[in-house]
Chemist: 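Sharing a structure with you now.
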Protein chains: 2
Amino acid sequence: MSANSRLTIAAHALAWIGLYQRQGHEVATSEQIATSANTNPVVIRRLLGELRRAGLVESRRGVGAGWSLARELESMTLLDVYEAVEPGPLFAMHRTTPDQGCVVGYGIRPAMQGIYEGIEETLRHELARVTLADVLRDVLAAPR
Amino acid sequence: MSANSRLTIAAHALAWIGLYQRQGHEVATSEQIATSANTNPVVIRRLLGELRRAGLVESRRGVGAGWSLARELESMTLLDVYEAVEPGPLFAMHRTTPDQGCVVGYGIRPAMQGIYEGIEETLRHELARVTLADVLRDVLAAPR
DNA sequence: GCAGTCGCAACGTTAATTGTTACGACAGTT
DNA sequence: AACTGTCGTAACAATTAACGTTGCGACTGC
C-alpha cells in the first residue's frame, strides 16, 4: 500500500502543540512544528487547516499568531484526525468499469464494497480507541 | 488515502478463475481475466505472479497454457491475498527523520509505530475472516 | 506604517501504480 | 522441425497523489 504520512504528521503536530501549551505557551507557529517534523511550514499549515475545519485546532493571525488546540488532547482520537486528513476509502475499486457483461465483472464491485465497508468500520473503531493524549504519553515515554 | 486497487483486482482474478473452474474448465488465460477486469493482460500476469509466489495459484506454459487455483477458494482468505500483493505497512512514517533534538520529534516514531502495529493486527484479523469463497458467493448474489 | 504569521494559489519534484509494447521461453500440435 | 498460443519479464510511458517550494496578499498587534 505504501500509504501516505498525513496521519503521522498530523498527530505529530497535535502532540507538539499540546506539549507546548502544557509548557505555558499560548500558540505554536507552523515554522516551529515544521522544524520538529523536518518539513516545510506550508505542509504543516495545509494539514492544520484541515484539522481546523474539523474543529480540532484554532488559528490566530497577525503578530504573535499561531495555532492552538480547540479541544483537550484527551477528547481527540486518531479517528477524528484520520477523518479530517484522509479523503478516500482505504481500498480502491477498479480504475475502469469491469466488463458488465461478465458475471464476475458485474458483481465484483458491490461484493467488495460490502466487504470493505465492514473492514473500514472496524478500522475506525480501532482508531477511535486511541486519543491524542495517549499519543503524547507514548511520545514522552520513549527511552533516551 | 486513495489506495491502490491491487487487492480488488487480485480478488477479481481469483473469483474469475474459481468460477471458470467450477464450470469445468482447466485453466484461465490472463487475457480472459483482463477482459473481465477491463485492464491489460500484463497487469493480470504480474498480480497472479505474486499470488503464485504465495502458493495461491499455479500456471502452465505452452499451448493451452493459463492459470489455475493451487488451493480451494474456501481455504483462501483476503489476508493471504493482501499479504501477497501489498508490500508496505498501512500507515507511513515521516519521509524524513524528525528533529531528534526535539522531545516530540524523538519520541513520535516509536509511539506511532506501536499504535499502528496494533491497528494493522486488527486489520489482518478482519481480512482473515473473509474467504475467497465468500467473495465469489457475494459476487454471484448481486441482483441483476 | 511596520513586522510577523497565516491563507492560499501556483508550480515543480518525487514515488507508486497502472498501462503498453516487445520479445524470448515454453509446450503442445501438425 | 516448424507453428501456434500463452506465460515471463523487461523496459518505458502515462497517470495520479503526496510532498516540497516559492510567492504574495491578508490580517493584527505594536
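Convention: sequence-line order gives letters A, B, ...; per-chain numbering from 1.
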Chemist: List the residues meeting side-chain contact (heavy atoms from CB on, under 4.5 Å) with B/N38, not counting sequence neighbours, and say none if there are none.
Modeler: A/T96
Chemist: Tell me the interatomic distance from B/R60, atom CZ, to C/dA27, atom P, rounded to whole angstroms.
Modeler: 12 Å
Chemist: What is the minimum heavy-atom distance between B/M112 and A/V135, and which atoms define it?
Modeler: SD-CG1, 3.9 Å
Chemist: Please report the distance, rounded to the nearest Å, between CZ in A/R53 and P in C/dC6.
Modeler: 16 Å
Chemist: Would you mind reading off the distance between A/E50 atom CD and D/dC19 atom P, rounded to a whole angstrom?
Modeler: 10 Å
Chemist: Between B/E50 and B/R53, is there a salt bridge with N-O shorter than 4.0 Å?
Modeler: no
Chemist: Need to verify one output field. Residue with the more 5' nearest nucleotide on DNA chain D, B/R52 or A/L47?
Modeler: B/R52
Chemist: Side chain to side chain contact (heavy atoms under 4.5 Å, CB included), that's the test. Do A/L90 and B/L90 meet it? Break it down for me.
Modeler: CA-CA 9 Å; A/L90 191 56; B/L90 191 55; 3.6 Å; yes
Chemist: Among C/dG19, D/dC7, D/dA18, find the nucleotide with the atom closest to the side chain of A/P87.
Modeler: D/dA18
Chemist: Once you apply a heavy-atom cut-off of 4.0 Å, does B/G64 come out as touching a base, just sugar-phosphate, or nothing?
Modeler: nothing
Chemist: How long is the line joining CH2 of A/W67 and C1' of C/dG7, in whole Å?
Modeler: 8 Å
Chemist: In this structure, how many angstroms lie between the P atom of C/dA16 and the CG atom of B/L7, rounded?
Modeler: 19 Å
Chemist: Do B/Y82 and B/T77 have side-chain N/O donor and acceptor atoms under 3.5 Å apart?
Modeler: no
Chemist: Please state how far atom CD in A/E58 lies from atom P in C/dG7, giving the value in whole angstrom units.
Modeler: 12 Å
Chemist: Write down the distance between CZ (A/R6) and C1' (D/dA17), rounded to a whole number of angstrom.
Modeler: 9 Å
Chemist: Between B/L123 and A/L123, is there a side-chain heavy-atom distance shorter than 4.5 Å?
Modeler: no
Chemist: Would you say a side-chain N or O of B/T29 is under 4.0 Å from OP1 or OP2 of D/dC7?
Modeler: no
Chemist: For DNA chain D, what residues of residues 38-46 of chain B have any heavy atom nearer than 4.0 Å?
Modeler: B/V42, B/R45, B/R46
Chemist: Phosphate oxygens OP1/OP2 of C/dC6: is one of them under 4.0 Å from a side-chain N or O of A/S30?
Modeler: yes
Chemist: Contact between B/R71 and B/L56 at the side-chain level, heavy atoms closer than 4.5 Å - yes or no?
Modeler: yes
Chemist: Which atom pairs link the protein and nucleotides 28-30 of chain D when you take only N or O atoms and keep those under 3.5 Å?
Modeler:
unit_1 : atom_1 : unit_2 : atom_2 : d
D/dT28 : O2     : A/V63  : N      : 3.1

Chemist: Under 4.0 Å between a side-chain N or O of A/S5 and OP1 or OP2 of D/dA18?
Modeler: no
Chemist: Could you tell me the separation between the CG atom of B/L90 and the P atom of C/dA16, rounded to a whole number of Å?
Modeler: 16 Å
Chemist: Before you tell me yes or no, could you show the steps for A/H94 and B/T8 under side-chain hydrogen bond (donor to acceptor under 3.5 Å, both in side chains), namely the whole-Å CA-CA distance, both residues' side-chain angles and the distance that decides it to 0.1 Å?
Modeler: CA-CA 7 Å; A/H94 311 64; B/T8 301; 5.8 Å; no
Chemist: Taking ring pair (Phe, Tyr, Trp, His ring centres under 6.0 Å) as the criterion, tell me which of B/Y20, B/W67, B/W16 meets it with B/H25.
Modeler: B/Y20
